[in-house]
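A quick write-up on the structure given underneath.
Just follow the structure's listing: the first ligand is 1, and inside any ligand the first atom is 1.
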Amino acid sequence: MGIKVAKFGGSSLADAGQFRRVKEILLLDSERKFVVPSAPGRRFKEDDKVTDLLYKCFRLAQAGENIDECFGLIKGRYEEIIRDLGLSLDLTDRLMEAKEKIVKDNNPDYAASRGEYFNGIILAEYMGWDFIDSAEFIKFDKKGRFASEWTNEILSEELKKHEHAVIPGFYGSWPDGSVKTFSRGGSDVTGAIVSRAAGAEIYENWTDVDGFMMADPRIVENPRSIKSLTYRELRELSYMGASVLHEDAIFPVRKAGIPTNIRNTNNPTAKGTMIMLNPEDCESTGTITGIAGHKNFTLLSIEKAMMNSELGFGRRVLQVLEEFGVSFEHLPTGIDTMCVIIADSDIEKYHDQIIQRIKETCEPDSIELTSGIALIATVGHGMCRKRGTASRLFRALAVADVNVRMIDQGSSELNIIVGVDGEEFEKAVSAIYYEFA
Ligand code: ASP
C-alpha cells in the first residue's frame, strides 16, 4: 500500500469547522499517513493570520513593549479551536512558556514557528496521531541552507517508527537546535520534504482553490483550470508570477519523482491539479498549459554594427551589470542588437551609471533604456510539437492591438516570452488566453 502525505494550508485549519473537514479528508483514504499543518490562517477577509500575529509579538517585544494583548489573540485562537472541537487538551503552560521565550530570545523564527507547532499539537490530539517536532528532524546547515540529505536521512528513519503522524510545517532547526524557518509560505516546503522522506507515492497539497488556473483570474474571468502539468512547466509559471505553491516546494519531490496534487479542502471531490515529472504522464490538454507574467521590467537595448563578429561584446555588457550587482532575467539577441531584460527595482538606482559604463567599455552605436515593460510567458510542453503556435500567439496580440517590444523563446521550447508596455499587460494576457483556451 502506498503512502500519501497531506499538507493543509492556513485557511484549511483556521477554525474548528475547518479542522473537521481536514479530519474527514484524512480518514477517507487510509494511505494518508502523514499530515503537515500550517498555522491558523484567516477566517474572514479582515482576520489576522496567526503567523502575522506572532511576528507582531516579536516586534513589540524587541521594542520593549508589552505583548499581552497581541499574544492574547493568539492564545484565544487556539483555545477556541480546542473548545469547539471538544478536546480536553490544555495548552496553557506551553503557551506561557512560548510567550516568555518570544520576549527573551532574540529569534523571530522561533516566534513565527509556534503557529505551526501549536496547530500541529492540536491536530495530533484531534486525530489521535503522533506528533513529531520538526525542529528535531528538519535541519539547516551552519550557513542557514536547508540540509536536504541530512534531513532526509534522519526524518525517513523517524517516520518508519510511526503509523500516523503530524509534522508541523514551516520550520526546522540550526545545527545547534535553535529554530529556523523557511521563507513565508514554507509549510509547502515541509510537505515536500516529508513526502520525500516517507517515500510517498503522492504529495497532496490541500489549499483553498481548485488548483492552478490557466491564467490569473483577476485578469481573465473564470479561466480554465489546469488538470496536469510538469514540474518544469510549473517552475516557468511560478517564476513568472503564478503563485499557488512555494517555489522551493518543487525540488524535494521532483528529485524523488513524486507527483504533487493541489487540492481544495472546501471542495474535496474536485481532482485539482496534478504536477508530474514527465510530460507523457500529463493528461494532454491544448497546445499551451498556462500563461503568467508580471510588470515592471526594464529593457536595455544596445545596437552596434558588426556586433556579431566583435569578440567579447556580450561578456563586457554583462560584466557592467555584474559590477553594479544587477542580475538579468532574459537576453534575446539579434545580429547587431542585444536586449537585456532586468527588473525595474534592480536597475533603477543605477540607470545613468550603467549606460555610461556600457558606453565606455562597449562603444555601442546606440543604447536605450525603457522601463515599465511587462513580461508574459506562454508555457506548454505541447508547443514544440505544434506548428503555428507562435503565429497564433502573435496574430492574437496584433488583433488586440498590442505592440510587442521583445520576444524570447526559451531554449527549452517550453515557453514563448513577450515583452509589452505595462499598460497593455492585461489586454495581452486575455488575448493569448482566448486564442488558446
Ligand atoms: N505560516 C507560515 C506563513 O504564513 C507558513 C505557511 O503557512 O506555509 O507564511
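- Here the CZ-NZ distance, from R263 to K271, works out to 9.0 Å after rounding to the nearest 0.5 Å.
- Using a 4.0 Å cut-off between charged side-chain N and carboxylate O, D47 and R77 make a salt bridge.
- Between F182 and F146, the ring center distance clears the sub-6.0 Å criterion.
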Discussion item. Show, in sequence, the C-alpha distance, side-chain angles and deciding distance for R32 and E24, and conclude whether the salt bridge (charged side-chain N to carboxylate O under 4.0 Å, His left out) test is met.
Written reply: CA-CA 11 Å; R32 293 185 179 126; E24 248 174 61; over 6 Å; no
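- The option with the heavy atom closest to atom 4 (O) of ligand 1, from among R184, E116, K49, K7, is R184.
- Backbone and side-chain nitrogen or oxygen atoms of G185 are examined, and one is located within less than 3.5 angstrom of a nitrogen or oxygen of ligand 1.
- Among protein heavy atoms, atom 7 (O) of ligand 1 sits closest to S38 OG, 3.2 Å.
- Under a 4.0 Å N-O distance rule, the pair E79/K75 qualifies as a salt bridge.
- When each atom of ligand 1 is checked for a heavy atom of S187 under 4.0 Å away, the hits are 5 (C), 6 (C), 7 (O), 8 (O).
- Within the 4.0 Å heavy-atom shell around ligand 1 one finds G186.
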